[in-house]
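These notes concern the structure reproduced below.
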Amino acid sequence: MGECERVAEEIYQVGGSDLSDPNDAAAFVVKCGADLVMIDCGAGRAPEALVENIEEAGLSPQDITTLILTHCHVDHIGAASYFRERYGCSLVAHALDADAIESGDPTLTAAGWYNTTLPKTTIDRRLREADESIVLGADQLHCLHTPGHTPGSISVYVDRSGSRILFGQDIHGPFSREFGSDVSQWRLSMQKLLELEADILCEGHFGIYRPRDRVERYIRGYLDQHQE
Ligand SMILES: [Zn+2]
Ligand SMILES: [Zn+2]
């Protein structure tokens, strides 16, 4: 598989369909002082490939203290129990998606659709606010509640070296009654993301977008496709 990709200063993409396993959505690590924060972790079929990519970036997987789960779909979070058990990191997810993750609900997590199962795991921190931060030393990772694709979808952003980096997984959808999707909530969520004026967008399946006007065009393109 491919090599990890540097996104910005001490931020790397370490998982994805070309980087770790064809089933994996994108996964990222953000170095925050001595801590490593991971954002999503792939489908769980090849977590060792992500570990290798983290090491290849010159980072130690032992330093992963926090794993943020952007939503409950198995292609994004299938390796959550692997990382929690192996590295002792705490799992963070929005309260509205946490039950599905903890129980491994085959429909809500799309595990049935992917012909797999989601190993049960405990969520250590349930987010409940519209904007909740994870603060590690000088770094602040904002977790915005951006419902739409699923009820508990979150988008994460961090400001680093003058750039705003947004991790917006599955902000394109898809929308399905089975997932509890809500297009009118999603439109409000996308407005929130546009207001951030992010310089770099790390998407879940379609790569990394920059600069700012391309990020904006990407989000507006989907808003145009899904009018009310
Ligand atoms: Zn999804
Ligand atoms: Zn996805």
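All ligand and atom numbering here is 1-based and tracks the order in the structure.
Between the Zn ion (ligand 2) and the N, O or S atoms of Asp75, the shortest distance is to OD2. Closest to the Zn ion (ligand 2) among the N, O or S atoms of Asp170 is OD2.
Inspection of the His205 and Asp170 side chains reveals an N or O donor paired with an N or O acceptor under 3.5 Å.
Among residues two or more places apart in sequence or in another chain, the salt bridge (charged side-chain N to carboxylate O under 4.0 Å, His left out) test is passed with Asp63 by none.
Here the CD-CZ distance, from Glu203 to Phe167, works out to 12.5 Å after rounding to the nearest 0.5 Å.
Considering the Zn ion (ligand 1) as centre, the angle to NE2 of His71 and to ND1 of His73 is 100° (10° rounding).
By the 4.5 Å heavy-atom criterion applied to side chains, Ile154 and Leu127 are counted as neighbours.
Put simply, His76 gets within reach of the Zn ion (ligand 2), with an N, O or S atom under 2.8 Å from it. Between the Zn ion (ligand 1) and His149 there is an N/O/S contact shorter than 2.8 Å. Residue contacts to the Zn ion (ligand 2): His205 brings an N, O or S atom closer than 2.8 Å.
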Indicate every side-chain donor-acceptor pair of residues 86-93 with a distance under 3.5 Å to a residue at least two apart or in another chain.
residue, atom, partner, partner atom, Å
Arg86, NH1, Tyr82, OH, 2.2

